[in-house]
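What follows is a short report on a single structure.
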Amino acid sequence: VQLQASGGGLVQAGGSLRLSCAASGRTFSSYNMAWFRQAPGKEREFVACTTWSGSRTKYVDSLKGRFTISADSAKNTVYLQMNSLKPEDTGGYYCAAGFSVSSSSPHDYYFWGQGTLVTVSS
């Protein structure tokens with residue numbers, strides 16, 4: 001499975017961004033897909049995950065209502081819509097694929113994209 005994240009950039013506080021994660025490779029549709037993020041000097045943290053059908057989604061509590069994860073199996077792409085962005089949302093955002101549905105642990109994800117940088121200015 002290969003994952004390619006894109007869509008990051010510089011945005012003012014209160015703005016929005018939509019990240020994309022294009023997946024390719026054999027049997028990727030069987031994977032649970034997730035977004036993690038890592039702020040400078042901090043550990044990587046779970047943001048959200050979804051199955052390709054969208055029937056099972058999970059969010060970190062602190063981001064519920066601002067971030068939305070979705071998956072388009074026809075386009076082999078997972079999205080992360082981020083609204084009302086805050087400076088503390090700044091960091092690298094990584095998509096990942098694993099077998100454990102609704103897992104928030106990075107150890108349950110075996111394939112990682114290269115990350116896309118989000119910078120939110122105040």
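Computed over heavy atoms, backbone and side chain alike; hydrogens, waters and symmetry mates excluded.
In this structure, N32 contributes its side chain and S100 its backbone to a donor-acceptor pair below 3.5 Å. At distances below 3.5 Å, at least one donor-acceptor pair connects side-chain atoms of T90 with backbone N or O atoms of P87. The backbone N or O of G8 sits less than 3.5 Å from a side-chain atom of T116, completing a donor-acceptor pair. With hydrogens and angles disregarded, no donor-acceptor distance shorter than 3.5 Å links the side chain of S103 to the backbone of V101. Within the 3.5 Å criterion, the main-chain N or O of A48 finds no donor-acceptor partner in the side chain of K58.
Among all heavy-atom pairs drawn from S104 and F36, the shortest one is O-CE2, 3.6 Å.
Atom OG1 in T57 sits 9.0 Å away from atom NZ in K64 (nearest 0.5 Å).
The side-chain tip of R37 does not point at the ring of Y94 from less than 6.0 angstrom away and within 45° of straight on.
Contact check for W35 versus F46: no side-chain heavy atoms found under the 4.5 Å cut-off. The closest side-chain heavy-atom distance from Q4 to Q114 is below 4.5 Å.
Using a 3.5 Å distance cut-off with no hydrogens or angles, the side chains of S53 and S55 do pair a donor with an acceptor.
Under the 6.0 Å cut-off for aromatic ring centres, Y31 and F111 qualify, their centroids lying closer than that.
Here C49 pairs with nothing under the disulfide (SG to SG under 2.5 Å) rule; sequence neighbours left out.
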Can I get a per-line list of side-chain donor-acceptor pairs under 3.5 Å for residues 12-20, giving both atom names and the distance, sequence neighbours left out?
unit_1: S16; atom_1: OG; unit_2: N83; atom_2: OD1; d: 2.9

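Looking at D89 and K86, no side-chain N of the basic residue comes within less than 4.0 Å of a carboxylate O on the acidic one, giving no salt bridge.
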